[in-house]
There are 2 protein chains.
Amino acid sequence: MPTPARTSTAQIVAAGRAILEAEGLDGLTMQRVAAAVGVRAPSLYKRVDGRSELVRLIALDVANELSTVLEAAATTRDPARDLVAIASAFRAFAHRHPEAYALLFRRLPESLRPAIDMGLPGFETMFRTVEALAGRERRLEAARTVVAWASGFISMELAGAFRLGGDVDEAFEYGAERIVAAISRRPAGERR
Amino acid sequence: MPTPARTSTAQIVAAGRAILEAEGLDGLTMQRVAAAVGVRAPSLYKRVDGRSELVRLIALDVANELSTVLEAAATTRDPARDLVAIASAFRAFAHRHPEAYALLFRRLPESLRPAIDMGLPGFETMFRTVEALAGRERRLEAARTVVAWASGFISMELAGAFRLGGDVDEAFEYGAERIVAAISRRPAGERR
DNA sequence: ACCTGAACACCGTTCAAGT
DNA sequence: ACCTGAACACCGTTCAAGT
């Protein structure tokens, strides 16, 4: 006799994300998630293949949200200003969802890799903005430089690695400005 | 009746590091470490306060080794070349010990933070080299920019995040050059 | 002193049995 | 169909008992 579903994959992912953010990745247990959606742990396996699959689904959810945030950040027609805005939006997102953010850049065995496509609109936007500054030929190296800097800065910041005092916001602004200039085809002063 | 110690903290840390590198952080269990040093899991608690303490000790060991590697990398008197060499040594270390490296930049509750002092000689060397390029006033922001870029690049690389093809080594060289230029004081006469 | 087995409270995961 | 309790193989950690 069929019984109605008491939960859904979407609800499980949402609950998992909430628990992740509140308790950290170690606190994200199948039992907690099950309790949050009103079910017992074994029932989760009807919709999700296991814990690592759940974590992967959460990471995909986070990537999508981040993508829309980045997309919305490029509002001017000036690529230099847009790129700074994109980097700042990236950082603000990480501050709002530090545990979720950490999920995006963690080391994983090849097989479990979350296929976070750089094809997501927000990353495309970033990529296009970089290309406008660095030129078609150097766009890949330039994009990698920008993303490496931004993600590294944020990871260190969230890991509490900036312990020498100073103004961290100011260091981010300094870095953003310098990096934008560094990847630009012409020195900033010559642009019009 | 006293029995002789069958292992030591140093041996435990070394075994733990080997297991970490071979099996990943999840594979680093007290039982495995115990087996590797020829003892049962409960005996580890005589020398180490628990698993997170063990991980902290391993992280400190890694930080010290990284420090000596960085220190040895600065061999010329040209700070620009030295800084590139330091960044490359940093990257090479991470490639040799990817799991150990990941330990250094992971998010931790404040209380468990591994007190990886920036006072370690290798980091001092890097800091001094940056200062020679960026000047005393901007050295903190400049150092943060360099380390953020390098650590971010390496994390992404090790996480398998560079999936758009292209030459990753070339992207690192490109980034290193551009960043060194970006944090350097402008030569006299050039306007901004 | 140091080491150990046994025990406890947790995990993730499987599966037969219930509705 | 979906959910569940029971079971299994693991964890980390504690502690009384052994040497």
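Throughout, a chain's letter reflects where its sequence line sits, starting with A, and its residues are numbered from 1. Just so it is clear, the structure is predicted and the values come from calculations on it, not from any experiment.
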Pair A:Thr129, A:Asp82: side-chain N/O donor-acceptor within cut-off below 3.5 Å: no
Do the charged groups of A:Arg138 and B:Glu170 touch, with an N to O distance under 4.0 Å? yes
Decide, yes or no, whether a salt bridge links B:Arg107 with A:Glu99 under the criterion of side-chain N to carboxylate O below 4.0 Å. yes
What's the closest nucleotide to the [X] side chain, out of [options]?
X	options	result
A:Pro42	D:dA6, D:dT19, C:dT19	D:dA6
B:Thr29	C:dC11, D:dG12, D:dC15	D:dG12
B:Val39	C:dC3, D:dT4, D:dC2	C:dC3

[N] - base-pair partner by Watson-Crick or wobble geometry, distances under 3.5 Å:
N	answer
C:dC11	none
D:dA17	none
D:dC3	none

Grab the [atom1]-[atom2] distance between [X] and [N] for me, whole Å please.
X	N	atom1	atom2	answer
B:Met30	C:dC10	CE	C1'	16 Å
A:Lys46	C:dT19	NZ	P	17 Å
B:Gln31	C:dT4	CD	P	13 Å
B:Asp26	C:dG12	CG	C1'	12 Å
A:Arg51	D:dC11	CZ	C1'	13 Å
A:Ile12	D:dC2	CD1	P	12 Å
B:Asp49	D:dT13	CG	P	9 Å
A:Tyr45	D:dA7	OH	C1'	14 Å

Would you indicate, yes or no, if D:dT4 has its OP1 or OP2 atom less than 4.0 angstrom from a side-chain nitrogen or oxygen of A:Arg6? yes
What does A:Arg47 touch in the nucleic acid at a heavy-atom separation under 4.0 angstrom: a base, only the sugar-phosphate, or nothing? sugar-phosphate
Identify whether any heavy atom of A:Ser43 sits under 4.0 Å from a base atom; if not, whether one sits that close to sugar-phosphate; answer base, sugar-phosphate or nothing. base
Reported CZ-to-CE distance for the pair B:Arg144 and A:Met156, which is rounded to 0.5 angstrom: 8.5 Å
Passing option when B:Phe90 is tested against B:Phe172, B:Trp149, B:Tyr101 for ring pair (Phe, Tyr, Trp, His ring centres under 6.0 Å): B:Tyr101
